[in-house]
Structures are given as C-alpha cells and as structure tokens.
There are 2 protein chains.
Amino acid sequence: MTKYESIKEHIYQKIESGEWPEYHSVSSENALANQFHVSRMTARRALQELCDEGLVTRTRGSGTFVAPLKSQSALLTIRNIADEIRMRQHQHSARVVKMEKVPAYPALATFLHVPIDSDVWHSVIVHYENGQPVQVEDRYVNPRLVPDYGDQDFSEHTPHEYLCEVTPLTEASHQIEAMAPDQQLMKWLQLNEPEPCLQIHRRTWCRDGVVSQATLTHPGSRFRLGGHMTFRAPRKKVEE
Amino acid sequence: MTKYESIKEHIYQKIESGEWPEYHSVSSENALANQFHVSRMTARRALQELCDEGLVTRTRGSGTFVAPLKSQSALLTIRNIADEIRMRQHQHSARVVKMEKVPAYPALATFLHVPIDSDVWHSVIVHYENGQPVQVEDRYVNPRLVPDYGDQDFSEHTPHEYLCEVTPLTEASHQIEAMAPDQQLMKWLQLNEPEPCLQIHRRTWCRDGVVSQATLTHPGSRFRLGGHMTFRAPRKKVEE
DNA sequence: GCTATACTGTTGTATATACAATAGCAAAGA
DNA sequence: TCTTTGCTATTGTATATACAACAGTATAGC
C-alpha cells in the first residue's frame, strides 16, 4: 500500500467508526505530514482524494472537516419526503399510524439478516403535504442495530433522518414499481377510487448489516419522481 | 483561471467537439508541459482530474486516451431496455408502429426549442421481452440535430443507441410517475384490463440543444426499476 | 468599547527533481 | 522465425520548496 493510501485509510477509519462525527476537524496537511513522516504534498493528496470522494470538506484558511452525511446523499437523491415538501415551500406533517414489534416473517428475516420470528420494529407513517396525504411509509427496522427506534417521535423528524443520525448509512438499494393500492393503502391515502401508485422499495445498510427496509407508496396523481444527470463534467464557469 | 484549468479546458474542448473521438490518444504529461510551458506536475494534475471525472483513461507505460462514452453512462444508469433484456438472457425484439414527421405542438416546441408547428420526428416503438410487450417508447426527436432519424432501422438497434452514436449526449433528465394506461397504450401492451403503469419521461441534451424527448411506458406487473448506490467510498481491497 | 492592523495557521497553486513500474517496440541472438 | 533482451516513453509515487489566498485571532490604537 502506498503512503497516501495509508493516510486515507487512517482517516476513513476514524470517520466510519464514528470517532470523528460530522463537522469534526481533521488533522491539517502539515500535522499529517509530521505524524506519518511524509511530505506535505503526500498528506495533501490523501485529504484531497477524500474531499473528491465527498467524505471531508476543505476550506482554505480554515481547515478540513468531516463532511455532513446529507451532502453525500444529495448526490444521488436518497429521497427525504419532508425535505422535498419543505423545499416546495409547502407544509409537511406526519402521522404515526403504527409502531410495533412484530416477528420477522421468513422473507423479511432474510432481508434484515435476523433469525426468523425474532422481533423487528414495524412502523407505518403517513406523510402529508399541505394536509393532503402524499406518502405512506411502511418500514421494518433491525432492532439489533437500532434498539431505540420505537421510542422516537416521528411527527417532527422522519425515520430516515433519525436513522441517518444513529447509524452511518453506507449503502442503499432502490426498486421502483407501479401498482394498484389495496383497501388499507387507499384509506391511509384518502383515495376514494383506486388509482395507480408509485411504490419505492428501499433497503439501507450500515457497515454492520441491513438497517432498514421501507416501502414508500405515493398516489400517482400527487407525485412525480424527478432526476437530472450530466454525463460529461460541465464546463467550468468562466469567472471573470 | 489557473494553469491546470486552462489545460483541462483545452482537452475538454477537443473531446466535446468530437475532434478527439473515443480512444483517441491524448497528449502526454511531458508534451502538455512543453506546449503550455508549465511543469509536468501541473500538466499531470489536469490529466488526473479529467481521469477522475471519467473523460479520459490512463494506463501507466501506455498513455492517456479519450474514454469511451459507455463507461460514463454506466455510472448513472441511463436505461437501455434492449441491453437490460439481453442481460437477463432473454430475447429482445422491437416493432416500429409509428414513424412520421408531425408539427410540433406548443409544449413540445418549447421542450425541443424549435418553432411551433415546425416538423419534428415522432416514433412509437414497442419493445418485447420473449415476445411479451414490456415497453412502449414514444419519442419526439429534434430534426435539426438528427435529420436522418426517420431512415434508421430500429428493429436491430434502439433509437437510444442510435442517438448516442450520432450526437454526443451530455445531459439527461428523468421523471417517473405511475399512471393508468389509455386505450391505445393498452392495445400496444396487450393488456386486457387496465393496470398501473410506470412511465418514465426522459429528455436528453447534447451541447447544441435538446435532442429528444421520450415517454417510456411499462406495465407495472412486468417491470421494476432497480438501483443501487453507495454513499461512502468502499474501503480499498487489501491487495496482498 | 470598537476598529484597524498584524500575525499565524491552513489550504491552493506551481515548480523542479528523483525514482519506480509498466507497455510497447526495436534490436540482438538463437 | 521466434525469443530474449534492453531501451524508451509514459504514468505513478514521493519529496522539498516557494508563494498566494483566505479565516480566525490577537494586538495595538483610538
């Protein structure tokens, strides 16, 4: 392993273990250079690459700091319904309609890597935009990794926000499909007629295993999922 | 603008204009250093950053080359239904049900940045997986940028593949929604009963403007959109 | 108390140099 | 002809140095 890789590894370990939380200061280039007995340029390379990868932020004159998680998720749109609604200048509210411990059925047990029939958290939360329901969040959470999930107040902060705080999420997978809502979903979404719904299945990982599996259901008439991407790096703006 | 940015800009321009096609050799670090009267380390930084951004590939001992486009689109999954079906080891076929020039209605004219009522290409293609329809591709194409669109044979190559070849795509935006199919869509998808459908609206740009707008409709029962992402850079594998 | 100034620490850019590792090719040799 | 050998060009890693630009703080002066 090269020297700059060793340094990256060292810092990565601090961040990933939680020893250095968000916004925590990272050793300066000179400090690292002394500590690892390398030149400043080598230490610099380690910090620079971590910055490119989005793990730390750097500001001239000030220093290097552990990047907030949100800046990473912003990259690839891990969706937070509350933020999205607030961004539209609309009012977000949430109602917890279920919060219970249930035995894991076989498929779920496999997903979460827990024994079959062992207790897992199960919550159902309805999210409202200006009073109109726009999402039903049906979520199972691994109690080994998040024991206090059931004690939280999710009318203020979404489960996603809470989970981001207590476990450093490292991965997520999404599946999206169109489906017809059942009676229960129609009731929660206040739909009189069945209408096509967009359903997002999301699983999130932290380094210790699968944290949570969520099914987010949106009525088709009230929700669109958007995204934008550039293939080639955009040409730098001409500054003056 | 800094020196290394000037060099990046210079190379970016060569690639974006098409003067240097895929796999074309890029000047070496030393050559750039001489040409721009900078040190090798500065020229190196320009090439290194272009490599990080995925525009060029570099191999020690050999040189620097313009990266193939596919490696970029692979990053963020611009979806190609044909590839996806083939990847599942299934048989893909396509039927062109419409290929015409139609006057651009106002909203479309705005999207494509062409005059209202000027002719634009309009195609409708049904994609089949093992003989079963899985996608209706309803596409409008800017004839100013792609004049020969109507002359292509899309039973072999998809429009997306063709457009990627003739215009270097630089951006795309997606919107996804759930909707109920109308009579025409039901006929093309061979649906007897209405069922929720996943609809993807896609617009693609090249540097000269909007190339194409497509609406891809999938029956919910036969299609799922999947994705996986990692937030923190995965720890480097230990090499030995 | 408030402001201006200077100082220090930090990151950003740029250079010159050295050596290592690899790919490709040419020349020498069997 | 085929293989080996060595050379050269190229990228990768590492160092030492210099100066610029900026943030934050301490200090001096009012």
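Note: hydrogens, waters and symmetry copies are ignored here, and every other heavy atom, side chains too, is used. Labels below follow one simple rule: chain letters A, B, ... track the order of the sequence lines, proteins then strands, and each chain is numbered from 1.
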Phosphate OP1/OP2 of C:dT11: any A:T64 side-chain N/O under 4.0 Å | yes
Rounded to the nearest 0.5 angstrom, the CG-NE2 distance for A:L108 and A:H113 is 11.5 Å
Taking CG from A:L32 and C1' from C:dT11, how many angstroms apart are they, rounded to a whole number?
-> 13 Å
Do we see a donor-acceptor contact under 3.5 Å between the side chains of B:E177 and B:H201?
-> yes
Figure out the CZ/C1' separation between A:R58 and C:dG9, and round it to whole Å.
-> 13 Å
Would you tell me whether A:Y140 and A:S123 have side-chain atoms, one donor and one acceptor, within less than 3.5 Å of each other?
-> no
Contact span of DNA chain D against chain A, any nucleotide atom under 4.0 Å from a heavy atom, 5' to 3', runs D:dT13 to D:dA23
Looking across every strand, which nucleic acid part, if any, lies under 4.0 Å from A:R45 by heavy atom: base, sugar-phosphate, or nothing?
-> sugar-phosphate
Listed by chain and number, what are the salt bridge (Lys or Arg N to Asp or Glu O under 4.0 Å) partners of A:E49, not counting sequence neighbours?
-> A:K8, A:R45
Using distance alone, with no hydrogens and no angle criterion, decide if A:T2 and A:E5 have a side-chain donor and acceptor under 3.5 Å apart.
-> yes
So which one's nearest nucleotide on DNA chain D is more toward 5', B:L47 or B:M41?
-> B:L47
Position toward the 5' end of DNA chain D (nearest nucleotide), A:S62 or A:K3 = A:K3
So, B:T57 and B:Y23: side-chain donor and acceptor under 3.5 Å apart, yes or no?
-> no
Assign each of B:S39 and A:R40 to its nearest nucleotide of DNA chain C by heavy atoms, then name whichever residue's nucleotide is nearer the 5' end.
-> A:R40
